[in-house]
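Heads up: the structure comes next, in structure tokens.
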Amino acid sequence: MSIHKSVKRVTTHVLNEMKLKNEKIAMLTAYDYSMAKIVDEAGIDVILVGDSASNVMAGHETTVPITLENMIYHAQSVVRAVKRALIVVDLPFGTYQGNSKEALISAVRIMKETGAHAVKLEGGREICESVERILSAGIPVMGHLGLTPQSIHKFGTYVVRAKDENEANRLAEDAVLLQEKGVFAIVLEKIPATLAEQVTISLNIPTIGIGAGHAVDGQVLVLHDMLGITQEFSPRFLRRYHNLYQEIGGAVKSYINDVRSVDFPNEKEQY
Ligand code: KIV
């Protein structure tokens, strides 16, 4: 039997086994109870309480403004819904880059106040001290390399990263370094598929791609993007499985018509 079918609860060890057995890992974001319940019951392996909540839930242009308190609120809502998936929470911008002590305090707050299972940090060698310190407290860490949205003001744009040799080599070295420090998996965002494949082969831990081709160990998408709730974001790597923006809009229009025409509520819908 495949691993994902046999486990009752996904752990970091399960993800490692999945890589060993060449079984792909499916990961999606969720930020609230209702969506997390649907996604978990559908059988997702990993739920990321991503700081993309800053864009998707709060309407900010970047992930920079979201706070640790905001992330804790979203993670608490997700944890209440989930029975099977591994829950990973993004440490938001400014809560771990300054120094490793602050990073540990932020990660401990996430773990203690939400009941989530792991944290995710963006960056390579520059955050290794923070990664080590969090890991030394027994908190599992997921890495994130390539396009790291918290650094958008440094990058200037959301274009594909690591296309030139220097940046590609640096990314490949950072991936090995993060593995040596002890992260249990690494997200590779918007990098050439060939580089993602090379990094995936060089590591024992799983890689999870978003815009990184198919030769990684798993895929992640932002739930609201793949459901077509968000409309303004259409990168090449995004596959839309629905157009919920239109469907929800249509349902709301029907409701408005029914209220205005006094079709709703009917006799069966009253006491
Ligand atoms: O915040 C997020 O949703 C993420 C994914 C895009 C990987 O970090």
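Remember, it's a predicted structure, so these values are computed and weren't measured experimentally. Each ligand, and each atom within it, is numbered from 1 in the order the structure gives.
Using the six-membered ring where Trp is involved, His74 and Tyr31 have ring planes that are perpendicular, over 60° apart on the 30 and 60° scheme.
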Show me the short polar-atom pairs for ligand 1: any N or O of it lying under 3.5 Å from a protein N or O, with distances only.
unit_1: ligand 1; atom_1: 1 (O); unit_2: Asp51; atom_2: N; d: 3.2
unit_1: ligand 1; atom_1: 1 (O); unit_2: Asp51; atom_2: OD1; d: 3.0
unit_1: ligand 1; atom_1: 1 (O); unit_2: Ser52; atom_2: N; d: 3.1
unit_1: ligand 1; atom_1: 1 (O); unit_2: Ser52; atom_2: OG; d: 3.2
unit_1: ligand 1; atom_1: 1 (O); unit_2: Asp90; atom_2: OD2; d: 3.1
unit_1: ligand 1; atom_1: 3 (O); unit_2: Ser52; atom_2: OG; d: 2.5
unit_1: ligand 1; atom_1: 8 (O); unit_2: Lys120; atom_2: NZ; d: 2.9

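Thr207 contributes atom OG1, which lies 10.5 Å from atom CD of Gln179 (distance to the nearest 0.5 angstrom).
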Check your understanding: Where do Arg109 and Leu68 land on the side-chain contact (heavy atoms from CB on, under 4.5 Å) test, with the steps shown first?
Key -> CA-CA 9 Å; Arg109 279 201 64 194; Leu68 188 60; 4.0 Å; yes
Practice item. Apply the test salt bridge (charged side-chain N to carboxylate O under 4.0 Å, His left out) to residues Glu173 and Arg125: give CA-CA distance (whole Å), side-chain angles for both, the deciding distance (0.1 Å), then the verdict. Key: CA-CA 9 Å; Glu173 284 167 15; Arg125 62 201 71 184; 3.1 Å; yes
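The shortest side-chain heavy-atom distance between Leu188 and His144 does not fall under the 4.5 Å cut-off.
Among pairs with a residue in residues 175-194, those fulfilling salt bridge (charged side-chain N to carboxylate O under 4.0 Å, His left out) read Glu132-Lys181, at least two apart in sequence or across chains.
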